[in-house]
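Below is one structure, written out as structure tokens; comments come after it.
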Amino acid sequence: MEARLNVFGSALAPKLVKYLVSANKVVTDSTLPPAVLELVKIRASQINGCGGCLDMHTKEAAAAGESVLRLSLIAAWRDTNVFTEAERAALALAEAGTRLADGGGVGDEVWADAAKHFDEDELLALTAQIAIINAFNRLNVITRQVGGDYAVGSHA
């Protein structure tokens, strides 16, 4: 598989990515646990089929101490016992927020469950993380950015 565009060779890409990364920095500086942020990024990227983001975020999560077991079970989180209730609520919100085109939106039950585990600032950060990773996923999937060569710590 080859990328449709050399995004990193573009004069526009660094400008665009700078702002997405800046928005993401606000989220990573929030009080949300880093593990929750990575789980959400990985789950949205799985749903969207984004190899580049999956490559990056699974490697970053592993380097930060996430277990192989938990990383392997993210796609089947509902049928496992390895995620906390807060992580499960975040994963449910990530799925609903990523699958907006399915027509269901984000149901009140999903939101209420997340609100049991996260305060308003954390809910905003979590929602922003879902939006940001979906933006990155779409950029990568549309331009066919290939996963597999990411080196931990090399993201902007």
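Atoms considered below: every heavy atom in the structure, side chains included; atoms not considered: hydrogens, waters and symmetry mates.
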Report task. Measure the spacing between OG1 of Thr143 and CZ of Arg138 and express it to the nearest 0.5 Å. Result -> 13.0 Å
Query raised in the report: What are the two closest heavy atoms between Ala61 and Leu71, and how far apart are they?
Result: CB-CD2, 3.8 Å
**Report entry** Donor-acceptor pair, side chain of Asp119 and main chain of Asp121, under 3.5 angstrom
**Finding:** yes
Requested in this report: For Phe83 and Ile74, run side-chain contact (heavy atoms from CB on, under 4.5 Å): C-alpha distance rounded to whole Å, both residues' side-chain angles, the deciding distance at 0.1 Å, then the answer.
Outcome: CA-CA 9 Å; Phe83 300 104; Ile74 293 169; 3.9 Å; yes
**Report entry** Residues His57, Ile133; criterion side-chain contact (heavy atoms from CB on, under 4.5 Å); working and verdict
**Finding:** CA-CA 10 Å; His57 296 296; Ile133 193 60; 3.7 Å; yes
Requested in this report: Measure the spacing between CD1 of Ile132 and NZ of Lys25 and express it to the nearest 0.5 Å.
Outcome: 12.5 Å
Query - Nearest atoms (heavy-atom pairs only) where Ala135 meets Leu20 - result: CB-CD2, 4.3 Å
Report task. Could you state whether Phe136 and Val27 fall into the same hydrophobic cluster, counting links through intermediate Ile, Leu, Val, Met, Phe, Trp or Tyr residues with side-chain heavy atoms under 4.5 angstrom apart? Result -> yes
Query raised in the report: Would you say the side-chain atoms of Asp55 pair up with the backbone N or O of Asp149, donor to acceptor, closer than 3.5 Å?
Result: yes
**Report entry** Pair Glu85 + Lys116: basic N to acidic O under 4.0 Å
**Finding:** no
Query raised in the report: What are the two closest non-hydrogen atoms of Val110 and Ala96, and how far apart are they?
Result: CG1-CB, 4.3 Å
Report summary line: Distance col, row Gln46:CD vs Ile42:CD1, nearest 0.5 angstrom, shows 7.0 Å
Query raised in the report: More than 12 non-hydrogen atoms from neighbouring residues, nucleotides or ligands closer than 6.0 Å to CG on Asp108, yes or no?
Result: no
Query raised in the report: Which heavy-atom pair separates Glu87 from Val36 by the least distance, and what is that distance?
Result: CG-CG2, 4.0 Å
Requested in this report: Determine the minimum heavy-atom distance between Asn48 and Asn134, stating which atoms define it.
Outcome: ND2-OD1, 2.8 Å
Requested in this report: Mind checking the CG-CD spacing from Leu32 to Gln129? Nearest 0.5 Å is all I need.
Outcome: 8.5 Å
Requested in this report: Show the numbers, then the answer: is there a side-chain contact (heavy atoms from CB on, under 4.5 Å) between Tyr19 and Asn24?
Outcome: CA-CA 8 Å; Tyr19 290 105; Asn24 198 68; over 6 Å; no
Query raised in the report: Which atom pair, heavy atoms only, marks the closest approach of Asn140 to Cys53?
Result: ND2-SG, 3.3 Å
Query raised in the report: For Trp111 and Leu123, what are the C-alpha separation, side-chain angles and deciding distance, and is it a side-chain contact (heavy atoms from CB on, under 4.5 Å)?
Result: CA-CA 9 Å; Trp111 184 263; Leu123 283 170; 3.8 Å; yes
Query - Cluster overlap Val152 with Val146, hydrophobic side-chain contacts below 4.5 Å - result: no
Query raised in the report: Do Arg43 and Glu38 sit within salt-bridge range, that is, some charged N less than 4.0 Å from a carboxylate O?
Result: no
**Report entry** Asn137 side, atom CG; Ile142 side, atom CD1 - distance, nearest 0.5 Å
**Finding:** 10.5 Å
Query raised in the report: When rounded to the nearest 0.5 angstrom, what is the spacing between OH in Tyr150 and NZ in Lys59?
Result: 9.0 Å
